[in-house]
Amino acid sequence: MHRHYRLIQRCLPGLLLLGLLAVGACAGPFPQTTLHPKSDLGFAIDHLFTGIFAWATAVFVVVEGLLVYALIRFRAKPGAPVPHPTHGHTALEITWTLAPVLILVMVAVPTIRTIFATQAPAPAGSLKVEVIGHQWWWEYRYPDLGVVTANELHIPVGKTIALDMTSNDVIHSFWIPAIAAKRDVVPGHVNHIVFKADTLGEYMGQCAEFCGDSHANMRLRAFVETDSAFNAWVANQKQPPVDPKPNTIQATGKDDFAHGACIACHTIQGVSAGMIGPNLTHLASRTTIAGATFPDDSIDLIQWVNHAPSRKPGAVMMDMNLPQANLQAIVAYLMSLK
Ligand code: CUA
């Protein structure tokens, strides 16, 4: 009795810690959970996971149950005889060879079926989006719509989306857990994801393959929209950039932009043609900057333009160190590019 009491006392802190961890796992929200799929692809993978998890649980319960039974049933007792070992029991041998084979078949069949279903070519009429990974941001091109944007993917609900994905530099991994699963983005090679999102909303994602200093800052967002909201977004993206009214701070900013270092890397349609950084033609229509890491507002843009590497380690964009007046004007211009 005393020994039992001491054992419980010794285990108590560990049990409490485990309990706390278990309860902590119930807190929310989980913007990047894979367990609440919102697309056909997400659902197919979740379904597969649930099935395999059920098999794994059954195996665990049976194996651990037999182990615990043997531990109790055959534990050493003073004066008890040595248990008789079993050798060459044909029925047992056949059972524990066949049972795992059957379980593996039950796992393999749905797995292979899901692989073929999710790797099928996109049906005609899908909305094509080219995804290009960069250190450390995402570029999206809609070749049939003539739209180029960065970090924030807009798609219509209920329509099949065909992502053709490659990388500009190193291997990244495109991952939007709720709707688009995960797939590597490899330089010199095109990978595909085909999916249909079924619920409106804003979904978080991020790069899931270590790709250098700012891997953790290579985030992304996906906006699943109604047809009319998506069409309105497309129509706005196809517009030429806003041209500031003369003699405004935005006009000064446009002039500073067009005659400064920004044009070496960034495109603003009709103003500059740089191809290294994100296209800024409609920068202010996005909610985030710098790999969906910071909010797209004046304060963050000012810090970003002048001190990008200190905000995002390894950023290709250098400290611009612009005089305050130029900086304010350029940011005012960028913020006008709705
Ligand atoms: Cu891109 Cu990690």
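Hydrogens, waters and symmetry mates play no part in the numbers below; they use all other heavy atoms, side chains included. Computed from a predicted structure; not experimentally measured. The first residue in the sequence is number 1, and the count goes up from there. Just so you know, ligand 1 is whichever comes first in the structure, and atom 1 is the first atom listed for that ligand.
Within the coordination shell of atom 2 (Cu) of ligand 1, defined by N, O or S atoms under 2.8 Å, Cys211 is present. Atom 1 (Cu) of ligand 1 has an N, O or S atom of Met218 under 2.8 Å away, backbone or side chain.
Taking the centre of each ring, Trp55 and Phe60 stay at or above the 6.0 Å mark.
With atom 1 (Cu) of ligand 1 at the apex, His172 ND1 and Cys207 SG define an angle of roughly 120° (rounded to 10 degrees). His215 contributes ND1 and Glu209 contributes O; the angle these two atoms make at atom 2 (Cu) of ligand 1 is 90°, rounded to 10°.
Ion pairing of Glu139 with Arg141 is present here, as a side-chain N (NZ or NE/NH1/NH2) and a carboxylate O approach within less than 4.0 Å. A salt bridge does not link Asp213 with Lys312: none of the charged nitrogens is closer than 4.0 Å to a carboxylate oxygen.
Counting heavy-atom neighbours within 6.0 Å of Asn247 CG, excluding the residue itself, gives a total of 12 or less.
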